[in-house]
Amino acid sequence: MCGHWSAFYNRAMFSAITQQSPPDDLLLQHLNPEQRAAVTLPAEHALILAGAGSGKTRVLTTRIAWLLQTGQVTPGGVLAVTFTNKAAKEMMTRLSSMLPVNVRGMWIGTFHGLCNRFLRAHFKLANLPQSFQILDTQDQLSSIKRLYKQFGIDDERFPPKQMQWFIGGCKEDGLRPNMVEVRDEETRKKVEIYQLYEDQCQREGVVDFGELMLRSYEVLRDNDPIREHYQRRFRHILIDEFQDTNKLQYAWIKMLAGTGAHSTADDASFNPTGCVLAVGDDDQSIYAFRGARVGNMADFVREFKVKHQIKLEENFRSGSNILDSANELISYNTKRLGKNLRTAQGPGEPVRVFEATSDFAEAQWMVEEMRQLVREGMERKEVAVLYRSNAQSRVIETALFNAGIPYKVYGGLRFFERAEIKNALAYLRLLENPRDDTSFLRAVNFPPRGIGLRSLEQLQDVARASGCSLSDAVSGLGGKAGANIGAFLAGIDVLREQTSGMKLSEIVERVLEHSGLIQHYKADREGADRVENLEELVNAAESFVSLENFGRDAAALPVDEQGHALTQSPASQGLDLSQPVLDEPVPDLETGETQSPLAAFLSHAALEAGDNQAQAGQDAIQLMTVHSSKGLEFDCVFITGIEEGLFPHENSMSDRDGLEEERRLMYVAITRARKRLYLSHSQTRMLHGQTRYNPKSRFFDELPEAALKWITPKHQGFRADGATYSGANSQGYTGARGQFDINYSKFAAAPAPIQKAAPAHGLRAGMKVFHAKFGEGTVQTLEGTGDDARAQINFPRHGVKWLALSVAKLTPVP
DNA sequence: CGCGATCTGCTTTTT
DNA sequence: GCAGATCGCG
């Protein structure tokens with residue numbers, strides 16, 4: 001997208017709006033036939049099966065651009081939904097580089113972001129205060145724990161975490177407490193707690209993530225004029241990552257598209273049906289554990305009577321060795337819509353496979369390999385290390401750290417989740433909404449001001465007795481406690497007055513000073529980082545304001561031939577300015593009241609937790625779980641710890657669906673690599689404080705031999721089953737490629753003995769055994785032979801253990 | 001109230 | 001094996 005390109009479109013856009021469309025081949029010229037077909041689909045429901053690396057985002061954005069350019073829809077008539085803020089941002093950036101359109105005026109965002117926007121605009125119908133706050137996962141948990149204290153709920157019998165999961169699950173299924181089917185006493189009690197939680201949230205004027213979705217769904221469902229308004233408005237609905245949608249999200253889409261049970265079309269000339277373009281890949285569905293339903297894809301085809309299905313199967317990312325591996329692996333899954341990736345590139349490099357003797361040796365080997373890669377000119381940020389679970393990163397981090405190689409770990413605490421930031425936000429939220437008890441409790445004694453648990457318990461008693469918020473309860477609390485807390489609240493009130501009318505960043509600055517947070521962290525020897533983060537919060541507030549202005553920037557407007565910004569009239573751009581804009585002050589549709597910038601900033605903080613640890617622009621090795629690698633690509637990828645029990649994970653191995661999801665996870669991991677892919681596993685691994693002996697993953701058996709190249713030193717080249725590696729895999733690393741002539745032998749184990757004899761220990765899976773320390777247990781899995789024989793045994797009292805049979809003294813129990 | 005000692009539990013994660 | 005939560009004492 002160079003200068004003349006956008007200059008052309010600035011003019012083209014204008015003619016597009018007024019007369020019929022200019023040649024659209026500029027938009028379409030770099031697309032392959034499948035992609036072009038997808039972009040230019042008629043205005044009807046359609047499903048696009050987009051394989052990994054098939055240019056999905058590009059198709060989606062070009063589709064929107066094409067619809068706009070050909071005058072089939074106005075910017076206000078587009079609803080585009082993504083799962084992450086990152087994806088939404090990317091879509092907006094790409095779109096504005098294709099067309100001179102004010103993307104911030106369009107409904108492009110995450111499900112939750114769009115629901116937030118919707119609820120802000122219709123807060124009265126939603127029965128929410130205008131300045132309702134959003135609970136993130138942490139807030140939600142502490143809210144539940146508070147509830148437990150208040151009502152004396154047994155947290156042993158109903159662990160708060162499990163309750164949180166239960167509530168989230170109900171909301172994802174669209175179920176209010178009275179709708180949950182109660183079959184046993186346990187569920188009855190859980191539903192009761194769910195109801196109490198709902199009451200508490202409503203009283204405090206807060207909503208959790210699930211509530212954002214559910215509440216906006218209900219507002220649409222129960223208010224005919226509102227629903228019809230949006231149905232009429234959104235002519236084109238585009239959903240990214242459709243395989244990850246849950247039941248409620250699907251119902252929400254259906255509602256907006258006008259095909260739900262509540263659609264009304266009594267006037268024959270009025271067609272309320274927006275057309276839905278769902279883009280997804282069933283093979284990359286890896287979020288079933290949090291409620292995603294791949295089945296939504298099939299349901300969509302059936303319920304929307306989808307006539308157009310397009311498969312994007314050309315992969316522009318990797319060579320055929322990598323793709324063949326991915327294709328072969330995923331072919332072992334049974335429930336598939338069916339899709340096979342192909343590439344116009346050649347075979348590329350073989351997939352390198354390495355067997356390490358320990359997790360430590362595996363990390364060492366990677367370090368050596370990376371050094372070599374960097375020496376050959378590979379950028380570090382183009383190298384990713386993927387693992388199944390976060391616990392695996394430690395040993396890799398240690399190795400990289402000791403080797404002095406810069407690296408970046410994804411997945412830690414994110415900016416707005418850090419304790420000091422949450423503390424500051426609690427004050428800001430109290431300014432907006434004093435009823436927010438979660439924030440009240442967080443701020444009231446931090447920094448410490450002598451308000452102890454005793455006082456707060458008294459306060460909570462008063463609040464419960466009179467059914468009011470904690471801050472309202474202070475007036476009913478006498479004594480020293482009352483005076484202390486009263487002083488705190490008075491301080492908040494003063495702050496609220498002082499900051500009214502201030503610029504957002506000034507408010508934040510003032511709050512940091514007045515709350516004593518800055519002083520507190522400055523006094524702390526270890527507080528330097530936290531002070532820095534708080535200062536960063538001021539910066540975030542500053543740039544948030546300028547981001548709001550972005551939409552009104554001259555740069556985003558069409559420019560005439562002399563380079564003068566042309567005024568964008570709502571009519572010519574099809575922009576409906578009466579509609580709220582994401583993260584901007586939202587006018588109430590009835591009264592025209594607008595939300596304060598602070599409120600918008602707080603929503604932003606809750607909905608977009610920020611980058612993990614943006615070590616700005618440093619060229620570093622990328623470490624992350626397979627899950628967080630989805631949607632990314634790298635020149636070189638290491639997939640580590642590919643062992644039974646780890647990958648596939650033991651908790652997923654019991655049922656078929658779980659195993660298939662693990663396989664899809666592996667598929668996602670493999671397809672991240674552009675040029676080079678390494679797969680590794682280790683004979684031993686430290687996990688949960690004990691050494692485990694994991695056999696290599698079954699996934700190795702599901703990869704095409706011809707695409708692989710075993711680079712483990714030769715003398716290790718024996719499989720656990722005793723067979724030697726054949727063909728291309730037996731050559732080992734030595735001499736095969738000069739550039740990889742690294743001596744791995746220092747990491748190699750003693751040669752593994754070839755054992756073909758039947759196991760002599762006489763144990764079988766399912767047997768009951770007795771262990772002196774762990775008591776009675778059941779044998780789950782048996783591994784290896786002779787001195788290496790080990791068994792996975794489930795001890796009801798001590799959990800699942802791996803025991804070496806040559807060491808552990810086990811007696812069979814009849 | 002704050003700090004150290006002890007206990008627990010443990011895939012994956014975005015919003 | 002380690003982090004995070006909880007407990008109990010000064």
Side-chain angles (χ1 to χ4, degrees), chain A residues 81-88 109-116 134-142 145 155-156 159-162 165 168 171-172 207-214 216 240-241 244-246 248-249 285-292 359 386-395 398 410-414 416-417 419 445-456 524 603-610 612 624-631 641 645-654 658 661-662 664-666 668-669 685-692 798-800:
Chain A
V81 196
T82 62
F83 261 84
T84 62
N85 291 298
K86 203 173 144 198
T110 62
F111 275 107
H112 295 86
L114 295 171
C115 286
N116 177 52
I134 300 164
L135 297 185
D136 68 15
T137 318
Q138 296 173 31
D139 298 333
Q140 188 188 23
L141 190 62
S142 52
K145 285 182 177 164
D155 60 357
E156 304 252 302
K161 277 245 176 68
Q162 198 190 306
W165 185 81
K171 292 191 181 184
E172 271 160 18
V207 297
D208 58 42
F209 288 128
E211 188 68 28
L212 281 173
M213 279 302 318
L214 183 52
S216 54
D240 194 12
E241 307 280 13
D244 287 335
T245 50
N246 63 36
L248 179 59
Q249 286 159 342
S285 152
I286 55 175
Y287 287 109
F289 71 91
R290 64 172 204 217
D359 46 356
L386 309 185
Y387 33 81
R388 175 66 238 267
S389 67
N390 282 308
Q392 287 167 254
S393 77
R394 169 160 264 98
V395 65
T398 310
Y410 287 77
L413 265 196
R414 296 174 327 162
F416 286 114
E417 291 167 356
N445 198 36
F446 197 92
R449 44 178 78 88
I451 298 170
L453 248 78
R454 185 81 34 87
S455 315
L456 290 175
D524 186 345
S603 300
H604 169 80
L607 287 170
E608 190 166 357
N612 297 66
M624 67 192 79
T625 62
V626 179
H627 280 93
S628 32
S629 76
K630 193 172 156 201
L646 248 187
F647 201 178
H649 197 275
E650 52 195 346
N651 298 359
S652 314
M653 278 159 54
S654 51
E661 177 143 322
E662 294 290 307
R664 290 192 293 267
L665 207 42
M666 184 71 188
V668 167
R685 180 174 299 278
M686 270 307 244
L687 204 66
H688 303 326
Q690 49 179 285
T691 306
R692 307 221 337 190
H798 298 268
V800 179

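Residue numbers begin at 1 in each chain, while the letters A, B, ... track the order of the sequences.
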Colleague: Starting at atom CD of A:Gln162, determine the distance to atom C1' of B:dG9, rounded to an integer number of angstrom.
Modeller: 14 Å
Colleague: Using a heavy-atom cut-off of under 4.0 Å over every strand shown, decide if A:Phe83 touches base, sugar-phosphate, or nothing.
Modeller: sugar-phosphate
Colleague: Considering just the side-chain nitrogens and oxygens of A:Asn651, establish if one lies under 4.0 Å of OP1 or OP2 belonging to B:dT12.
Modeller: no
Colleague: So A:Met686, base contact, sugar-phosphate only, or nothing? Heavy-atom distance under 4.0 Å.
Modeller: sugar-phosphate
Colleague: With the side chain of A:Lys145 defined as its heavy atoms from C-beta on, choose the nearest nucleotide among B:dT11, C:dT6, B:dG2.
Modeller: C:dT6
Colleague: Can you check whether A:Arg414 has a side-chain N or O nearer than 4.0 Å to OP1 or OP2 of B:dT13?
Modeller: no
Colleague: Ion pair present between A:Glu172 and A:Arg290, side-chain N to carboxylate O less than 4.0 angstrom?
Modeller: no
Colleague: Distance check, C1' atoms only: C:dA5 and B:dT12, in whole angstrom units.
Modeller: 23 Å
Colleague: Within this structure, what is the OH-to-P distance between A:Tyr410 and B:dT13, rounded to whole angstrom?
Modeller: 14 Å
Colleague: Please report, rounded to the nearest Å, how far the C1' atom of B:dT11 is from the CD atom of A:Gln392.
Modeller: 10 Å
Colleague: Between A:Thr110 and A:Leu607, is there a side-chain heavy-atom distance shorter than 4.5 Å?
Modeller: no
Colleague: Taking only the side-chain heavy atoms of A:Arg394 (C-beta and beyond), determine which of C:dA3, B:dG2, B:dT11 contains the nearest atom.
Modeller: C:dA3
Colleague: Please measure how far the P atom in B:dT13 lies from the corresponding atom in C:dG4, and state the result in whole Å.
Modeller: 15 Å
Colleague: Can you measure A:Asp208 atom CG to B:dT14 atom P for me and round it to whole angstrom units?
Modeller: 17 Å
Colleague: Between A:Asp244 and A:Lys630, is there a side-chain N and carboxylate O pair less than 4.0 Å apart?
Modeller: yes
Colleague: With DNA chain B as reference, determine whether A:Arg449 or A:Tyr287 sits nearer its 5' end, using the nearest nucleotide of each.
Modeller: A:Arg449
Colleague: With heavy atoms under 4.0 Å as the rule, sort A:Glu241 into base, sugar-phosphate or nothing.
Modeller: nothing
Colleague: Please tell me which of the listed nucleotides, C:dC2, C:dG1, B:dT13, lies nearest to the side chain of A:Asn390?
Modeller: B:dT13
Colleague: Using a heavy-atom cut-off of under 4.0 Å over every strand shown, decide if A:Leu386 touches base, sugar-phosphate, or nothing.
Modeller: nothing
Colleague: Can you find a donor-acceptor N/O pair under 3.5 angstrom joining the side chain of A:Thr137 to the base of B:dT14?
Modeller: no
Colleague: With the side chain of A:Thr625 defined as its heavy atoms from C-beta on, choose the nearest nucleotide among B:dT13, B:dT15, B:dT11.
Modeller: B:dT13
Colleague: What does A:Asn445 touch in the nucleic acid at a heavy-atom separation under 4.0 angstrom: a base, only the sugar-phosphate, or nothing?
Modeller: sugar-phosphate
Colleague: Give the rounded distance in Å between these two atoms: CD of A:Gln138 and C1' of C:dG4.
Modeller: 12 Å
Colleague: Can you tell me how far P of B:dT11 sits from CG of A:Leu646, to the nearest Å?
Modeller: 11 Å
Colleague: Could you tell me if the side chain of A:Tyr387 sits less than 4.5 Å from the side chain of A:Asn390, heavy atoms only?
Modeller: yes
Colleague: Anti or syn, where syn is a glycosidic angle within 90° of 0; which label fits B:dT12?
Modeller: anti
Colleague: Taking for each residue the nucleotide of DNA chain B with the nearest heavy atom, is it A:His688 or A:Val626 whose nucleotide lies nearer the 5' end?
Modeller: A:His688
Colleague: Quick one: closest heavy-atom pair of A:Phe647 and A:Val626, and the distance?
Modeller: CE1-CG2, 3.9 Å
Colleague: Find out whether A:Met213 and A:Asn246 are in side-chain contact, i.e. whether some heavy atom of one side chain is under 4.5 Å from a heavy atom of the other.
Modeller: no
Colleague: Checking contacts here: which listed nucleotide (B:dT11, B:dT15, B:dT13) is nearest the side-chain heavy atoms of A:Glu662?
Modeller: B:dT11
Colleague: Between C1' on B:dT12 and CD on A:Glu650, what's the gap in Å once rounded to a whole number?
Modeller: 14 Å
Colleague: Hey, does A:Asp136 reach any base, or is it just sugar-phosphate, or nothing, if we go heavy atoms under 4.0 Å?
Modeller: nothing
Colleague: Using atom CZ of A:Phe416 as one end and atom P of B:dT14 as the other, report the distance to the nearest whole Å.
Modeller: 16 Å
Colleague: Should the pair A:His627 and A:Tyr287 be assigned to parallel (<30°), tilted (30 to 60°) or perpendicular (>60°) ring geometry?
Modeller: tilted
Colleague: If you measure from the ring centre of A:His649 to the centre of the six-membered ring in the base of B:dT11, is it under 5.5 Å, with the planes under 30° apart?
Modeller: yes
